[in-house]
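The chains referred to below are lettered A, B, ... by the order of the sequence lines, with proteins before strands, and numbering in each begins at 1.
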2 protein chains.
Amino acid sequence: MEKHVEFSSEEQHPYDIIIRSIRQRLLNGEMKPGDRLPAERKLAEEYGVSRNYVREALKALEGYGIVETRPQSGTFIVGLDVNALDGIFADVLRLDAFDFASMVEMRAILEVSAARMCAQRRTEEQLVQIKRALDNYIAAFEQGNQEQVYSTDFEFHRTIAAGSGNTTLRSMLMLITPDILSSYRKQSMCSVADTKPLEEHKLLYRFIAEQRPEVAAELMNAHLEGILNYAKQLRKQSE
Amino acid sequence: MEKHVEFSSEEQHPYDIIIRSIRQRLLNGEMKPGDRLPAERKLAEEYGVSRNYVREALKALEGYGIVETRPQSGTFIVGLDVNALDGIFADVLRLDAFDFASMVEMRAILEVSAARMCAQRRTEEQLVQIKRALDNYIAAFEQGNQEQVYSTDFEFHRTIAAGSGNTTLRSMLMLITPDILSSYRKQSMCSVADTKPLEEHKLLYRFIAEQRPEVAAELMNAHLEGILNYAKQLRKQSE
DNA sequence: TTGCTAAAATTGGTTGACCAATTCAAAGTC
DNA sequence: GACTTTGAATTGGTCAACCAATTTTAGCAA
């Protein structure tokens, strides 16, 4: 293989190639759950890539629970059913291909749950932080700074997620929000001209302060409705 | 720094140290959103670690949308509000500390949504795959193989998530399920002796086949109720 | 002073080499 | 023959060095 050649957009990244290949070995029956897969050096040589890429790929697979790696011993396929494993593989390979419609839809589900749980369980300290985020949002609105509005809007929603008391929910929301934000920017959604979201944020804070879970959840749902409809349109278009 | 010293459980992994430090610089005001952070070599030298760890940490931060790295140019902090950025940092640092209660609670939220959406939108082909997973599950049950039951149960739920048509939902579920599964194993939950989940799976398949979203969602909720109660107990204990 | 050009320094991307822990099999012992 | 010992080979973990693209700077010309 040529040395020091950057990977053009046409050819796949070694990362993908390796993961796909390991998946193939599993489907072929060449390897079974529980087996130890070839050493990193071996894999690197087979695919004609550096060991770094192999390690990177294996690390990703480990993150998804497909393999376990024991130092100075080897990397092993976990003892799940082949079908189950293949399902995870499919997800790992597509993970960066989160389509926008799915993300937005998912955001709505998570945010509504977060609002409900936050109204139920928020501590006083968390409420203070939500209030602070709200104030920053209002200030950005009055200032008319579009970029600041995005940023503080994001922060407001994040504090609510934190107030849900569910660390997993919070992390998952964080996982998709940056992508969604950048999409908003491109499409110039949530213009600063529209004051409706501002009122909704204020009201949302009140419901959370008053600990009214269902009302808060409903309002959050309404708050994201515009975006949801947009997602539905996208879904229809792609059909 | 000593060479080739494995990191004991007491001292933190370089990965964490680097991320924490970058966060600190941001909070100090030493760096602002949009700034370029020091070169990888510089950071490596400062923290007395290898460049590998710096790159690993930066890659993680890039994955969470905190920084953007441009080849041969540098790594830049994205232009979000400082508060917003710090929120993400908190999540990145805690990500591997998904507490079990949160994960289980989250799983229930995701699975109920998945069941509903699956009943609405599943294609015929997806239905076939769900049926196949169900049959494997039943077979494992009759065979009395506990490990196989876990595995096929997991696969059944996965096919439903796939049938939801929402790739993000699917990926998120995949993200937490392995951890949950391993916890189940440790606690010997969902024993093969109990045939209730078996009946629920059969019924769930029927509702999805008949395209009855709300009933399917309700049943899924009931199906996970036992686990949810367990999570609530854990939450109370930790309070 | 201003604008342009080229070379030197800096950057992230990539690779090969080294390290200690583990594994495994052959030699040794009873 | 069964068990133990030992050392060589293999493993993942770590690090330093090299590469090409980019950025910065120094020099020169107008």
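The nucleotide whose nearest atom lies closest to any side-chain atom of R51(B) is, among dG13(C), dG13(D), dC15(D), dG13(C). Side-chain atoms of R36(A) lie closest to dT11(D) of the nucleotides dT15(C), dG13(D), dT11(D). Of the candidate nucleotides dG12(D), dG12(C), dT15(C), dT15(C) has the atom lying nearest to any side-chain atom of S50(A). If you check dT15(C), dG13(C), dT23(D) against the side chain of S73(B), the one that comes closest is dT23(D).
With rounding to whole Å, K42(A) atom NZ is found 9 Å from dT10(D) atom P. Atom CG in L37(B) sits roughly 11 Å away from atom P in dT11(C) (whole-Å rounding). Protein atom CD of E56(A) is 11 Å distant from nucleotide atom P of dT15(C), rounded to whole Å. Rounding to whole angstrom units, CD of residue Q72(A) and C1' of dA21(C) are separated by 4 Å. As rounded to whole Å, 11 Å separates atom P of dT14(D) from atom CD of E40(A). Residue F76(A) contributes atom CZ, which lies 13 Å from atom P of dT22(C) at whole-angstrom precision. If you measure from atom OH of Y53(B) to atom C1' of dC15(D), you get 9 Å, rounded to the nearest angstrom.
Shown here is E125(B), whose CD atom has no more than 12 heavy atoms of other residues, nucleotides or ligands within 6.0 Å. A 6.0 Å sphere centred on CD of E68(A) holds no more than 12 heavy atoms belonging to other residues, nucleotides or ligands.
Taking 4.0 angstrom as the limit, R41(A) places none of its side-chain polar atoms (N or O) nearer than this to OP1 or OP2 of dT11(D). OP1 and OP2 of dG12(C) both lie 4.0 Å or more from every side-chain N or O belonging to R55(B). Proximity of T75(A) to the phosphate of dG12(D): a side-chain N or O atom is located under 4.0 Å from OP1 or OP2.
Nucleic acid contact for R70(B): sugar-phosphate only, since backbone atoms but no base atoms lie under 4.0 Å from a heavy atom of the residue.
If you find the closest nucleotide of DNA chain C to N52(A) and to P71(A), the one lying nearer the 5' end belongs to N52(A).
A donor atom on one side chain and an acceptor atom on the other are not found under 3.5 Å apart for E155(B) and N83(A).
Q126(B) is linked by a side-chain hydrogen bond (donor to acceptor under 3.5 Å, both in side chains) to T123(B), counting only residues two or more places apart in sequence or in another chain. For the ring pair (Phe, Tyr, Trp, His ring centres under 6.0 Å) test, residues two or more places apart in sequence or in another chain that qualify with F156(A) are H201(A).
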